Number of protein chains: 2
Amino acid sequence: MVTKQFKGSSLDEADLRRADSLAREIFSDVANKWALLIIEMLGERTLRFSELRDEVEGISHKMLTQNLRMLEHNGLVERTVYPTVPPRVEYTLTEPGRALRATVDAMCAWTHQYLGHIETARHRFDG
Amino acid sequence: MVTKQFKGSSLDEADLRRADSLAREIFSDVANKWALLIIEMLGERTLRFSELRDEVEGISHKMLTQNLRMLEHNGLVERTVYPTVPPRVEYTLTEPGRALRATVDAMCAWTHQYLGHIETARHRFDG
DNA sequence: CCGTATCCAAGCGGATACTG
DNA sequence: CAGTATCCGCTTGGATACGG
C-alpha cells in the first residue's frame, strides 16, 4: 500500500515494511462508517459528547465512545474536559483531523452527486 | 446528512427524506475498509478476481466476492465474464467508481502524509 | 478459475446498570 | 453529563466443500 508513495526515498526495506503496516493499521481504523461520520460532524464545529450522539444519528453510546477514543489515540480529535458539575467534555478536530475531513467531505459530495446513477444501477442489477 | 446539499432545491420533504436515507445507505456501503481498498486497486487497472485477491492483502475469498457484488450492485464496478475454460472474470471501475477512487486516493495520500504525526500522537496517548 | 453454500467461532455492538 | 463495565444476541467473516 505504501510502497509506491515512498519509492525513491532513503528508507531501507525494514522501515518500508514498518511504515506499510502502520499505514494499513491507520487506514483500517479510519475507513469505517462511524469514524468518518464523526469526523464529518466535527468539521462543522466543536461538539460535546451528547451533541455528537444526537448529530450522528443511529450511533450508540458505546460506539461513540469507542470511536472517539480511537480518534483521540490517533491524534485526530482533541478532548477537553471542563471540570464543572455536571461535567462538560468537548471534542474538536486537530490539524490532521481537519485534513482528513477534507477527503470525507469529498466522499459525501460524491455520494450526493452520484445518487441518481447509483439508484438506476441498482434497479438494473436487481432486474 | 443530505439536507444541506439539497437546500434550496425544488424537492419536497418526502423526496428529501428518501434521498437522505439513500445517501446514508450508500455511504455505509462504501465507507468500509475492504470496499475502499478494492476500489483503490482497481484504479490502477482492470483486474481478475484472483489478481484482486492477491493485491488486496488479507482479504478472504468470501469478503472479496461479497464486496464485489455490492460494488457491482451500486454500479461502481463492471464485471465481464469471458466464457473460456477455465472462466476468466475481470473487474473494472465505472465512471462513478473512478470518481470515488479520486477521493480514496486522497485518503491514502492523507494516511502517508500524517504517518509521523499519528505515530507520535499514539505514543503521547499511551504514555 | 470463479462463485455459492454451509458451518461455526469470534467479536461487534446494543441495552443496561453503575461511578465520578 | 460523560465514561466504564458487564452481559449477551447475533452478525460478521473465515474455512471448507462443492458446482459451473
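Everything quoted here is computed from the prediction, not taken from an experiment. Convention: sequence-line order gives letters A, B, ...; per-chain numbering from 1. For the numbers below, each heavy atom of this structure counts, side chains included, while hydrogens, waters and symmetry mates do not.
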Give every donor-acceptor pair under 3.5 Å between a side-chain atom in residues 60-68 of chain B and any protein atom, sequence neighbours left out.
from    : atom 1 : to      : atom 2 : distance (Å)
B:Ser60 : OG     : B:Met63 : N      : 3.2
B:His61 : ND1    : B:Arg53 : NH1    : 3.4
B:Thr65 : OG1    : B:His61 : O      : 3.2
B:Thr65 : OG1    : B:Lys62 : O      : 2.8
B:Asn67 : ND2    : B:Met63 : O      : 2.8

*How many Å lie between CG on A:Asn32 and P on C:dG11, as a whole number?*
17 Å

_Sequence neighbours excluded, every pair satisfying salt bridge (Lys or Arg N to Asp or Glu O under 4.0 Å) that has a member inside residues 79-95 of chain A_ = A:Arg88-A:Glu90

_Test of understanding: with salt bridge (Lys or Arg N to Asp or Glu O under 4.0 Å), list the residues that count as partners of A:Glu78, not counting sequence neighbours._
none

*asked:* Could you tell me how far apart A:Glu57 (CD) and C:dG14 (C1') are, to the nearest whole angstrom?
replied: 17 Å

*Residue list, salt bridge (Lys or Arg N to Asp or Glu O under 4.0 Å) with A:Glu72, at least two apart or on another chain*: A:Arg69

*A:Ser21: what forms a side-chain contact (heavy atoms from CB on, under 4.5 Å) with it, not counting sequence neighbours?*
none

*Round to the nearest Å and state the distance from B:Ile59 atom CD1 to D:dG13 atom P.*
10 Å

*Estimated bend of the helix from C:dC1-D:dG20 to C:dG20-D:dC1 (axis per five terminal pairs, rounded to 10 degrees)*: 40°

Pairs under 3.5 Å (N/O, protein and nucleotides 2-6 of chain C):
from  : atom 1 : to      : atom 2 : distance (Å)
C:dC2 : OP1    : B:Arg48 : NE     : 3.2
C:dC2 : OP1    : B:Arg48 : NH2    : 3.3
C:dC2 : OP2    : B:Ser50 : N      : 3.0
C:dC2 : OP2    : B:Ser50 : OG     : 2.7
C:dG3 : OP1    : B:Arg69 : NH2    : 3.1
C:dG3 : OP1    : B:Arg79 : NE     : 2.8
C:dG3 : OP1    : B:Arg79 : NH2    : 2.8
C:dG3 : OP1    : B:Tyr91 : OH     : 2.7
C:dG3 : OP2    : B:Tyr91 : OH     : 3.3
C:dG3 : N7     : B:His61 : NE2    : 3.0

*Atom CD of A:Gln66 to atom P of C:dA15: distance rounded to whole Å?*
15 Å

*Nearest-Å distance, CG (A:Leu64) to C1' (C:dA15)?*
16 Å

Strictly under 3.5 Å: I want the nitrogen or oxygen pairs between protein and nucleotides 8-11 of chain D, one per line.
none

*asked:* From CG of A:Asp29 over to P of C:dC12, roughly how many Å is that when rounded to an integer?
replied: 12 Å

*Residue list, side-chain contact (heavy atoms from CB on, under 4.5 Å) with A:Arg45, at least two apart or on another chain*: A:Leu47, A:Glu51, A:Glu55

_Whole angstrom value for the distance that separates P of D:dA5 from CE of A:Met63_ = 14 Å

*Using the test side-chain hydrogen bond (donor to acceptor under 3.5 Å, both in side chains), find all partners of B:Thr120 that sit at least two apart in sequence or belong to another chain.*
none

_Quick check against the 3.5 Å criterion: does A:Thr94 have a side-chain atom that pairs as donor or acceptor with the backbone of A:Leu76?_
yes

*For the pair A:His73 and B:Phe125, name the ring-plane relationship: parallel under 30°, tilted 30 to 60°, perpendicular over 60°.*
perpendicular

*Sequence neighbours left out, what passes side-chain hydrogen bond (donor to acceptor under 3.5 Å, both in side chains) with B:His117? Give chain and number order.*
none

Cut-off 3.5 Å, no hydrogens considered: what does the side-chain donor-acceptor table look like for residues 26-35 of chain B, sequence neighbours left out?
from    : atom 1 : to      : atom 2 : distance (Å)
B:Ser28 : OG     : B:Arg24 : O      : 2.9
B:Asp29 : OD2    : B:Asn74 : ND2    : 3.0
B:Asn32 : OD1    : B:Trp34 : N      : 3.0
B:Asn32 : OD1    : B:Ala35 : N      : 3.1
B:Asn32 : ND2    : B:Asp29 : O      : 2.9

_Length of the CH2-C1' vector between B:Trp34 and D:dT12, whole Å_ = 13 Å

